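Because the structure is a prediction, the values reported are computed rather than measured. Just so we're on the same page: letters track the sequence lines, and every chain starts at 1.
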Amino acid sequence: MPELPEVETVVRDLRPALVSRRITSVQHSRQKLRYPWQPRWNKHILGMLITAVRRRGKWILVDLRGNPASADLPLLRVHLGMTGQFTVVPGNTPQPDHVHVAFQLENGQELRFRDPRRFGRVEFFTHGGEVEAAMNAALGPEPFDIPADYFHDRVRNSQRNLKALLLDQTIIAGVGNIYADEACFRARLHPARPGQSLQAKECDRLRQAIETVIQRAIDRRGSTIRDYIGGSGLRGQFQNELAVYGRTGKPCPVCQTPIACRRLAGRSSHFCPTCQR
DNA sequence: CTGTAATCCTGCGAGC
DNA sequence: TGCTCGCAGGATTACA
């Protein structure tokens, strides 16, 4: 499940391969994504130059420049959903199943969006600035610079449990099920605790744990549980270092108590009943 | 303001 | 061995 570390890895892989490249053609499958690629976007994007590849939360942003350049800031916005893969390969690489959009580049490389479960999306906007402003308004800060007083306010004034708070993209952008569970474990906090039950010290421990877990996962190129691969097709490595996620019944790495699994905020939530209070 | 659940979808693994 | 079925969950929407 691509969360911030996985998306960041894709962006870092794609950036050197895409920036300063021109899009020479586009293909899309007839199979409909949840938010389908619109065929009318093809003629807009043809010949455009890729000027930057960025990330915000779990969103991938590809900045484009038309010829002639305009003030419109055309933008390609991609979300990997559950099983999305966004990779650059040589154009003659055989097409696997479930490739929904493919962009050919002038250097013979091909940018492919593949997504077996079709939860993902690839969208084009002629006026990217407005879209990005709206997106930013709906997203909380990145995990690396969560203001302590902001986090304190959002968490300690809420009756929602920690799991729900961490999954809420308007509070922090980029955390999903895996890293929410891992952050709670690292902070030694039970994911079912209501936000308002946290002491200031605990709240800060959680904020720190989120940052640390996300950073370490980025360092290991994310977690490949099943489908995730980076922008150059490589698997992640952080799945080998997960303490609780997907480890139901296995011993806690700290105290050996079997890891428990419960549904919280509609998601399976893994935690150590002994370490996490 | 909350929480819960349905929706989209395919592949996999548990269980029989 | 082969089949069915439940589950995995990011974001959005609906509804209690």
Side-chain angles (χ1 to χ4, degrees), chain A residues 1-11 28-37 55-61 77-86 96-101 113-123 131-132 134-140 142-143 153-184 191-197 210 214 217 222-229 235-236 239 242 244-250 259-271:
Chain A
M1 299 93 233
E3 305 177 26
L4 190 155
E6 290 75 27
V7 177
E8 176 65 20
T9 302
V10 169
V11 164
H28 60 94
S29 73
R30 301 144 294 288
Q31 278 214 316
K32 274 199 174 12
L33 291 167
R34 181 111 160 80
Y35 303 89
W37 174 266
R55 180 192 59 73
R56 175 76 171 98
K58 301 175 194 173
W59 297 91
I60 298 169
L61 304 172
R77 187 174 73 164
V78 177
H79 199 291
L80 300 178
M82 292 291 302
T83 55
Q85 301 173 341
F86 202 35
D97 286 345
H98 309 299
V99 173
H100 296 102
V101 193
F113 182 80
R114 174 173 187 268
D115 186 1
R117 273 157 74 180
R118 291 187 260 156
F119 277 33
R121 49 165 100 180
V122 184
E123 304 162 289
V131 174
E132 194 172 342
M135 184 187 71
N136 275 322
L139 289 175
E142 296 282 317
D153 277 3
R154 294 301 303 260
V155 171
R156 296 189 74 212
N157 289 324
S158 174
Q159 323 194 38
R160 303 165 73 191
N161 62 46
L162 296 183
K163 184 59 179 274
L165 291 169
L166 291 181
L167 291 176
D168 186 340
Q169 302 297 298
T170 70
I171 297 177
I172 308 165
V175 177
N177 207 35
I178 298 174
Y179 300 110
D181 284 359
E182 293 296 311
C184 284
R193 284 270 296 275
Q196 62 183 8
S197 78
I210 295 162
I214 294 287
S223 304
T224 297
I225 306 292
R226 185 174 291 178
D227 301 277
Y228 166 73
I229 54 172
R235 293 162 53 84
Q239 67 278 7
L242 297 174
V244 289
Y245 182 84
R247 299 192 68 249
T248 310
K250 298 197 171 120
I259 298 302
C261 183
R262 261 177 65 187
R263 270 193 111 67
L264 290 171
R267 298 283 173 261
S268 61
S269 304
H270 311 75
F271 59 93

When you measure from the side chain of A:Arg118 to the backbone N and O of A:Lys32, does any donor-acceptor pair fall under 3.5 Å? yes
Determine the minimum heavy-atom distance between A:Pro143 and A:Ile172, stating which atoms define it. CG-CG2, 4.0 Å
Over 60° means perpendicular and under 30° means parallel, so classify the ring planes of A:Phe113 and A:His100, tilted if in between. tilted
Can you check whether A:Val155's main-chain N or O pairs, donor with acceptor, with A:Gln196's side chain at less than 3.5 Å? no
For the CD atom of A:Glu182 and the CG atom of A:Leu242, what is their distance to the nearest 0.5 Å? 4.5 Å
Using modelled atom types and a 3.5 Å cut-off, is there a donor and acceptor pairing between side-chain atoms of A:Glu3 and backbone atoms of A:Asn177? yes
If each of A:Pro116 and A:Ala265 is mapped to the nucleotide of DNA chain B with the nearest heavy atom, which maps nearer the 5' terminus, i.e. the 5' end? A:Ala265
Pairs meeting criterion salt bridge (charged side-chain N to carboxylate O under 4.0 Å, His left out) with involvement of residues 159-176 of chain A, two or more places apart: A:Arg160-A:Asp168, A:Lys163-A:Asp181
Span of DNA chain B engaged by chain A, first through last nucleotide within the 4.0 Å heavy-atom cut-off, is B:dT2 to B:dC12
Does some side-chain heavy atom of A:Glu142 sit less than 4.5 Å from a side-chain heavy atom of A:Arg56? yes
Give the B/S/- string for nucleotides 7-16 of chain C, one per nucleotide from 5' to 3', where a protein heavy atom under 4.0 Å of the base yields B, of only the sugar-phosphate yields S, and otherwise -. -BBBBS----
